[in-house]
Every structure is written in C-alpha cells, then in structure tokens.
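Note on naming: letters A, B, ... go to the chains in the order of the sequence lines (proteins, then strands), and numbering restarts at 1 for each one. The analysis underlying the following values was restricted to heavy atoms, covering all of them including side chains, and did not include hydrogens, waters or symmetry mates.
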Protein chains: 2
Amino acid sequence: MGTLPLSPREARAWDGYRRMQGLLASQLNRQLTADTGLSDADFAILSALLGAPGHRLRGLALRCEVQWEKSRLSHHLGRMQTRGLVVREECVEDSRGAVFQLTDAGKAAVEAATDDRVAAVRTYLLDLLTPEQLDALTEISGAVLARLAKDDSHQRAVAELARGT
Amino acid sequence: MGTLPLSPREARAWDGYRRMQGLLASQLNRQLTADTGLSDADFAILSALLGAPGHRLRGLALRCEVQWEKSRLSHHLGRMQTRGLVVREECVEDSRGAVFQLTDAGKAAVEAATDDRVAAVRTYLLDLLTPEQLDALTEISGAVLARLAKDDSHQRAVAELARGT
DNA sequence: AGCCATTGGTTGACGCATCATCCAGTTGCG
DNA sequence: CGCAACTGGATGATGCGTCAACCAATGGCT
C-alpha cells in the first residue's frame, strides 16, 4: 500500500493522467457537439442502441452497456426522446419495464457522428501512441477496471450479508 | 492518420480507456465527497491555493493552474465562498482583478482531505501498476497533452491572424 | 490626451449528473 | 393464495459546467 506521500514517479504519472483526462474529455466532447450536435453522452446511448438487434434495447440492458446510474439514464433518455432521437415503448415481458428504440433521425445522427468521433479519437489519442503504448494503455485500464469491479462485487456481497441478518 | 475503422488493438485501447476514465473519475469523486464533503473540483481549487504563497492566488493564476473555463471558475469560487472555504478580495495591481484566499476552514478541509485523496489514488490506480506502467502512463499523457497544447496555440495563432486582417 | 481593442471577471440561462424518494409490477416464501 | 421484499424505472430538488452576453478597467497607438 505504501506510505502517504507519492514518489516522484507516481506523482508524474498521476499528474499527467489527471490533466490528460480532463482536457481530453472536454476536447472530445466539445468537438463532437460542435460538429454534430450530439454530446458524448448522447453518442454513448445512440451507439449502444445502434449495435443492438432491431435498434432497440431494454432500459436495464442499456444501463449495463453504458454503466450509468439509473436515474441519469432515465433523465437523459427523457431528453433524447423530446429531441426525437429515441422512442420509449412498453415492455412485454415485464410490464414495469421500458424498451427504447432508435428513431430514424436518431439512427441518421449516430451514423453521421461516428466518423467524426473516430477521427477525433485518432487525432487526440490513438495516432499519438506507439503500438506498445496502445497495449500498455489496454493493460492499465484492464487493471484499474478489474479493481473497480472487485470493489463493486464486494459492495454487493456486503449488501447480501446485510440482507442475511 | 489511418482510415476510419479502428484496428482491434486500437479498439481495445480506446474502449479500455473510455471505460476506465468514466468509472475511475466517478469512483474517486464519490469517495472524496463521501469522506470529506469536498468534491473533486473543490479539492483542485483548494490544493492550488494551499500550494501558493500566503494561500492566496489571483483569479487568472488559479485559472492557469486548474485549466478551467473562466466562467466555471467564477461560478465555483462563488459557491465555495458561500460555503466559507475561500474569500474574495480586491486586487491591488489590477483593480478589475480578484484575489482569492483560503480561509482557515478551507485550509483545514484540504489538509484533512489530502490523505484521503492520496490513498484513493493509490488504491484505484497507482498501486495497481508496475513501475513500467507508471512510466508508460506518464509518456502517454505527455503525448496527448502536447497534442492538445499544439492545438491550443494553433487556435491562438488563428485568432492572431484574424486580428491582423 | 483620447480612442479602441483587449482582458479579468461576473452573470443568467440552460442542459446535465446525482441523490433521495416514490411507485407499480414482480418474485419468493410461508 | 397472500404478504413482504425486491426491482425497473420515473421524478423533483439541487449543485455543477458551458455558452453567450456583459461590464469595467487597461494598455497601446496615434
């Protein structure tokens, strides 16, 4: 675990990551919305739907896909619906559920946005890295995601225990 | 520059980064606010001030430090002021300017929060990586930040040109 | 000195993210 | 069957981030 202060090497890595994270995210989002009128969040939802059979997905499935809090998803889908990107339908199997489907406008919007997004990601990230760096990034995120997942399942286990009292 | 579709290697890297970025940021922020009542944003401001001589900094300097949009900074400092973490004072050298200083409460809050933050960063990032991975992360962010900076100065050059017409 | 472009900072409006709460439908268990 | 616990999802309040417009002070240039 290490004592509190960071080593120079750690400090450099953290500081670099922190700065990159903030600026890169805002650059990508800014560019996408300027060019296509779709936010980063919109794009995430729409491309999840685009990749689903029939361009429709259950709310829950969508939530797993994008890993958002349920209320965020609900609010956002509401707004997207009023913008005509998506429609909400009743769910047959579970009548409290909801199914969301891409409208034609939504489909057109994502498709138009995809090229832009890919180009931006290349320009500001992928094209700047060597193959080794790409792999390093993959490994790093793998490690971090594994840790976060562990934490998550631990949470669930604790909840399980509490339930069992 | 490459054609549009991503190679499998690129796709893995981007997808991993994207997921890590979102979850890590929200985890760190959630934990900090739960433990200390300070958001990520608060912490950034407060530690910049803490590291400044006299715990005071000019608005502009603060803006360079945290790299925020000026209106974000202004809004946030306003809120922090009402929470008693910070005070706004007039600026002597430039009377349209502003100087912000840490209050005692603000100072106490950051100091209390720092350990928490460092521990969380270790837990969810630094301790998971090998020294080589730390260095790789530093290099990667360096490359990305350099690219973003280039873009930024290009913007400024364009503005310069437009001015010169 | 006098003017105009620029800059430091604020404000208001608006969309987004989170939290807590709520509701209806579903499931499991006696 | 009937009740309790749980789940999928919606909602309202609140704080945050961005954009555009604004204002006053400044600095440079003639």
Side-chain angles (χ1 to χ4, degrees), chain A residues 22-23 25-34 37-45 57-83 85-86 88-100 156 159-160 162-165, chain B residues 22-23 25-34 37-45 57-83 85-86 88-100 156 159-160 162-165:
Chain A
L23 294 181
S26 82
Q27 169 67 26
L28 290 179
N29 190 38
R30 188 185 317 285
Q31 182 157 328
L32 189 67
T33 60
L38 255 39
S39 74
D40 233 348
D42 296 329
F43 186 76
I45 297 289
L57 228 38
R58 183 80 191 272
L60 183 57
L62 201 43
R63 220 152 76 216
C64 294
E65 195 80 19
V66 297
Q67 309 247 57
W68 286 1
E69 315 240 337
K70 64 181 182 178
S71 95
R72 178 183 179 186
L73 185 62
S74 182
H75 281 301
H76 203 89
L77 283 170
R79 282 173 239 132
M80 291 179 74
Q81 197 175 354
T82 72
R83 289 198 284 155
L85 296 169
V86 133
R88 183 188 191 286
E89 296 163 3
E90 294 305 310
C91 180
V92 205
E93 313 107 33
D94 186 339
S95 49
R96 75 204 151 169
V99 176
F100 296 90
R156 250 173 265 152
E160 194 91 22
R163 202 181 309 153
T165 19
Chain B
L23 293 181
S26 82
Q27 169 68 26
L28 289 179
N29 190 39
R30 189 184 315 285
Q31 182 157 327
L32 189 67
T33 60
L38 256 39
S39 74
D40 233 346
D42 297 328
F43 186 76
I45 298 290
L57 228 38
R58 184 79 191 274
L60 184 57
L62 201 42
R63 221 153 75 215
C64 295
E65 195 80 19
V66 297
Q67 309 246 61
W68 285 1
E69 315 239 336
K70 64 182 180 176
S71 92
R72 177 182 180 186
L73 186 62
S74 182
H75 281 301
H76 203 87
L77 283 170
R79 283 172 236 134
M80 291 178 74
Q81 197 173 355
T82 72
R83 287 197 285 155
L85 296 170
V86 132
R88 184 188 190 285
E89 295 164 2
E90 294 305 310
C91 179
V92 204
E93 314 107 32
D94 185 338
S95 47
R96 76 203 149 170
V99 177
F100 296 90
R156 250 173 266 153
E160 195 91 22
R163 204 181 306 154
T165 18

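As a whole-Å value, the separation of B:Arg63 CZ from D:dG17 P is 16 Å. Taking atom CG of residue A:Leu73 and atom P of nucleotide D:dA10, one finds them 8 Å apart after rounding to whole Å. Atom P of nucleotide C:dG9 and atom NE2 of B:His76 are separated by 17 Å, given to the nearest angstrom. We find that CD1 of B:Ile45 is positioned 12 Å from P of C:dG9, with the value rounded to whole Å. To the nearest angstrom, C1' of D:dT18 lies 14 Å from CG of A:Asp40.
Distance from the side chain of B:Arg72 is smallest for D:dG17 among the nucleotides C:dA17, D:dT26, D:dG17. Here the side chain of B:Leu60 is nearest to one of D:dC19, C:dT18, C:dG8, namely C:dG8. Among the nucleotides D:dG8, C:dG25, D:dG15, the one closest to any side-chain atom of A:Ser95 is C:dG25. Listed candidates were C:dG9, D:dC16, D:dG9. Nearest to the side chain of A:Arg58 is D:dG9. Out of D:dT11, C:dT26, C:dT18, the shortest distance to the side chain of A:Ser74 is found at D:dT11. Of the candidates D:dA10, C:dG8, C:dA17, C:dG8 carries the atom nearest the B:Lys70 side chain, counting heavy atoms from C-beta on. If you check D:dT18, C:dC16, D:dG9 against the side chain of A:Arg83, the one that comes closest is C:dC16. In this structure, of D:dT11, C:dT10, D:dG17, it is D:dT11 that holds the atom nearest to the side chain of A:Ser71.
An OP1 or OP2 oxygen of D:dC23 is reached within less than 4.0 angstrom by no side-chain nitrogen or oxygen of B:Arg96. The phosphate of C:dT10 has OP1 or OP2 within less than 4.0 Å of a side-chain N or O from B:Arg88.
Ring-to-base geometry places A:His75 in a stacked arrangement with D:dT11 (centre distance under 5.5 Å, plane angle under 30°).
Remark: B:Glu69 engages A:Arg30 in a side-chain hydrogen bond (donor to acceptor under 3.5 Å, both in side chains) (not counting sequence neighbours).
For B:Thr33 and A:Arg79, each mapped to the nucleotide of DNA chain C holding its nearest heavy atom, the one lying further toward the 5' end belongs to A:Arg79.
Rounded to the nearest 0.5 angstrom, A:Arg88 CZ and A:Leu77 CG are separated by 9.5 Å. Taking CG of B:Leu62 as the start and CZ of B:Arg58 as the end, the distance is 11.5 Å to the nearest 0.5 Å.
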